[in-house]
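A short worksheet on the structure shown next.
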Amino acid sequence: MTVSTIKSRPIYPGLSPDLNARRNIIVCDKAGAAAVAELFSRAGSAFAERATIILADSLSATETQTLSRDLAPAAVEIQPTLADGIARLRQLLETAPMGLRLYAAGSEPLIGLVVQAGLDFSIDHLSIRTEHRGSLKRRVQCVHCKTFIEDVTTNPVKCTGCGLTLLVRDHYSRRLAAFQGVCIDAEVPGEVPPTEALYL
Amino acid sequence: MGLTFRNETFRDDFTYTNSPSNIRRFPFPFVEDQYRYSVNIEPHTPGPKGSPFEYHFDVDEHYVSEMRDRAMVLAADPLRCQALPHMMTAQWDMLELLMTSLARDYPEHFTLHRDGSAWHWINRPLGIDQKFTFLDASTLPYQPMEFIGRQVQGDFSIQDQRDNQLWMDAGIITSQADWSLDFDVGMNFFEWHGPVPLAHEAGVFERALKFLLNLQIGKPVRRLNWTMTINPRLDTSPENYHKWASDRMTVTPENVGKKVHLRVEMQGLFRLPRSNAILFSIRGYLMSFEQIVTVPKWGRRLPRVLASLPPELVEYKSLGRYRDMALAYLAPYDDGAPTSPGGGPD
């Protein structure tokens with residue numbers, strides 16, 4: 001994970017079990033599932049039995065089988081995309097009981113969208129246990145036209161809304177679950193530094 | 001007090017300027033010849049008559065034109081004014097503080113009649129006459145923060161206080177020095193100051209937060225902050241950055257005195273009584289270099305301060321493109337004579 005001097009940039013301390021939670025909801029992607037498996041091996045099966053996992057990623061049949069086995073005895077729900085996974089999470093939070101603990105493991109966009117959903121249900125962001133695994137890709141909002149650009153792996157990046165070339169800053173909004181993108185050649189149009197694949 | 005409101009623009013043809021009589025009341029922010037980063041908070045107590053510190057909310061000759069510019073910004077981008085749902089009580093706190101202050105300090109321009117919750121607000125310069133029920137938002141044409149925010153110079157944000165933190169949960173921000181309310185709303189004190197260089201490491205924000213968490217009702221504080229803006233443009237927002245940043249490339253040795261403006265923010269902080277939130281007023285003042293150097297002390301001091309800026313600040317305030325030209329322009333006004341302490345003119 002990139003170390004930043006910008007204090008709004010989130011830090012993900014890593015998953016740790018809340019053994020007192022009556023129910024655990026864990027959202028992860030393929031890369032994050034490995035962190036969840038490690039969490040279970042530390043926390044024991046009683047903890048895992050109280051967990052529902054939303055695994056939001058596109059998986060082959062073999063991967064589905066392997067991951068469901070690795071994550072047993074938790075109930076694993078596979079969702080084909082991150083958006084589907086977040087929609088399912090919001091559904092679960094609608095009827096969530098007291099004593100629920102929320103976890104997120106995987107890419108930053110996944111963690112950010114879980115935290116954003118939690119905020120909408122008055123769950124303190126610091127209470128959500130997070131671990132970054134896998135891709136460094138980012139979710140970026142264009143400050144000019146407000147379009148969200150998903151799965152950004154380069155800096156600068158072209159806005160899919162207004163077409164401006166954006167500098168991806170480390171300034172991060174939890175409410176928007178996005179980093180800020182600002183026009184990089186505003187002073188001298190066309191004066192753009194080389195594109196770097198910083199967030200693969 | 002005989003204010004004549006100027007009819008001027010902050011965009012396109014940029015007709016904004018300060019009348020000769022307005023120059024000496026500019027809140028020049030540099031109290032010594034060298035730049036130093038500090039919290040520089042002081043009690044917001046009444047200053048000398050006629051100074052921008054005389055009242056809590058300063059109204060000057062630019063009032064009517066600034067409010068017209070704000071209305072244009074809000075029409076083009078409604079997200080410049082936002083309040084999270086739990087901030088309604090704080091919005092009323094803000095409206096009450098501003099209306100009672102203005103009616104008390106500028107009775108020739110503003111009048112507030114209160115009979116229980118039946119209030120009657122009259123704003124003569126803007127031609128507003130509004131009867132409404134205090135604490136009933138359905139009786140106003142806008143939410144309370146926006147209603148009064150459209151009638152007072154300067155930007156405003158409201159900070160909720162919880163968990164030993166301040167949270168920027170509301171604001172009306174149309175003349176900002178390159179930060180986005182829409183992006184920052186909901187952030188805590190450290191987060192929205194995230195991009196500021198040097199100060200975090202110096203512990204400035206920790207000390208400032210600790211101080212502000214203990215801010216008392218009726219004991220507001222203020223500080224001055226500054227940057228530079230090319231042309232007297234109020235809307236230097238990130239949203240429109242791609243439209244105004246190229247102004248920096250238009251500075252030449254011939255026009256630097258007219259184009260480059262020192263932009264000073266008088267920032268006031270007020271504890272609000274019902275919500276326990278903090279109102280943050282960011283009252284901006286713009287003055288071209290050619291007007292600044294008409295005050296000999298400022299003409300001496302400004303080049304000394306500009307020359308002493310650390311490189312991180314030059315970058316953060318985006319002065320790099322034109323700082324050398326500015327220094328060359330200012331150099332003849334520094335005769336090497338000593339300057340008196342404090343920012344005010346001699």
Side-chain angles (χ1 to χ4, degrees), chain A residues 2-11 112 115-127 139-149 156 158-159 161-192, chain B residues 76-80 82 84-86 162-165 167-169 176 178-202 204-206 209 230 236-251 312 316 318-322:
Chain A
T2 327
V3 176
S4 176
T5 56
I6 292 196
K7 305 290 176 194
S8 59
R9 200 238 180 285
I11 292 166
V115 169
Q116 182 190 50
L119 286 177
D120 290 343
F121 290 86
S122 301
I123 297 174
D124 182 356
H125 70 276
L126 291 176
S127 78
R139 188 164 187 263
V140 175
Q141 190 199 35
C142 172
V143 77
H144 310 292
C145 74
K146 309 292 182 183
T147 299
F148 290 99
I149 311 153
K158 210 171 192 50
C159 176
C162 63
L164 288 173
T165 306
L166 306 177
L167 168 74
V168 180
R169 304 178 73 198
D170 273 353
H171 198 28
Y172 183 85
S173 164
R174 258 193 314 281
R175 188 180 69 91
L176 301 171
F179 288 93
Q180 189 176 58
V182 182
C183 180
I184 200 167
D185 59 341
E187 286 188 339
V188 186
E191 200 174 88
V192 176
Chain B
D77 182 1
L79 295 176
R80 303 294 187 90
Q82 294 193 51
L84 299 184
H86 62 274
R162 56 182 193 274
D163 300 335
N164 276 319
Q165 255 295 356
W167 303 84
M168 191 195 291
D169 286 346
Q176 64 268 50
D178 204 9
W179 63 277
S180 168
L181 173 76
D182 181 47
F183 196 78
D184 289 1
V185 72
M187 287 190 191
N188 73 33
F189 193 78
F190 298 135
E191 291 166 346
W192 84 69
H193 285 118
V196 182
L198 303 177
H200 290 275
E201 292 69 23
V204 166
F205 292 122
E206 271 175 37
L209 175 63
I230 307 307
T236 48
S237 60
E239 276 80 1
N240 286 328
Y241 180 67
H242 56 306
K243 298 174 187 164
W244 57 262
S246 58
D247 288 1
R248 294 184 191 132
M249 306 306 292
T250 66
V251 181
E312 293 89 341
Y316 176 61
S318 301
L319 314 178
R321 300 265 188 194
Y322 55 85

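Just so we're on the same page: letters track the sequence lines, and every chain starts at 1.
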Closest heavy-atom pair and its distance - B/M249, A/E187 = CG-O, 3.2 Å
Between CD on residue A/Q180 and CH2 on residue B/W179, distance to nearest 0.5 Å = 11.5 Å
Flag, side chain of A/R9 to backbone of B/E191, donor-acceptor distance under 3.5 Å = no
Around atom CG of A/D120, are there more than 12 heavy atoms of other residues, nucleotides or ligands at under 6.0 Å?
-> yes
Heavy atoms of B/P195 and A/R169 approach each other most closely as CB-NH2, 3.3 Å
Given that the side chain runs from C-beta out, which part of B/D247 has a heavy atom under 4.5 Å from chain A: side chain, backbone, both or neither?
-> neither
Report the C-alpha distance between B/D184 and A/H171 in whole Å, list the side-chain angles of each, state the deciding distance to 0.1 Å, and finish with yes or no for side-chain hydrogen bond (donor to acceptor under 3.5 Å, both in side chains).
-> CA-CA 9 Å; B/D184 289 1; A/H171 198 28; 3.0 Å; yes
Which bit of B/V196 is near chain A, if near means a heavy-atom gap under 4.5 Å: side chain, backbone, both or neither?
-> neither
Is the count of non-hydrogen atoms from other residues, nucleotides or ligands lying under 6.0 Å from B/E312 atom CD greater than 12?
-> yes
Side chains of B/K243 and A/H144 in contact at under 4.5 Å (non-hydrogen atoms) | no
side-chain contact (heavy atoms from CB on, under 4.5 Å) evaluation trace for A/Q141 with B/S180 | CA-CA 12 Å; A/Q141 190 199 35; B/S180 168; over 6 Å; no
Rounded to the nearest 0.5 Å, how far does CG of B/D182 lie from OG of A/S173?
-> 8.0 Å
Polar side-chain atom of B/H242 near backbone of A/C183 as donor-acceptor pair, under 3.5 Å | no
Heavy atoms only: give me the nearest A/F179-B/F183 pair and the separation to one decimal.
-> C-CZ, 3.8 Å
May I ask you to say whether A/R175 pairs ionically with B/D169, meaning some side-chain N is under 4.0 Å from a carboxylate O?
-> no
Checking A/V143 against chain B: side chain, backbone, both or neither under 4.5 Å from a heavy atom?
-> both
Would you call B/R321 and A/E191 a salt bridge, taking side-chain N to carboxylate O under 4.0 Å as the test?
-> yes
Given the options B/W192, B/F190, B/Y241, B/W244, which has more heavy-atom pairs under 4.5 Å with chain A than any of the others?
-> B/Y241
Among A/D124, A/I184, A/V188, A/L119, the residue with the most heavy-atom pairs under 4.5 Å to chain B is A/V188
Kindly write out the residues that satisfy side-chain hydrogen bond (donor to acceptor under 3.5 Å, both in side chains) with B/D178, not counting sequence neighbours, or none if the list is empty.
-> none
Listed by chain and number, what are the salt bridge (Lys or Arg N to Asp or Glu O under 4.0 Å) partners of B/D77, not counting sequence neighbours?
-> B/R80
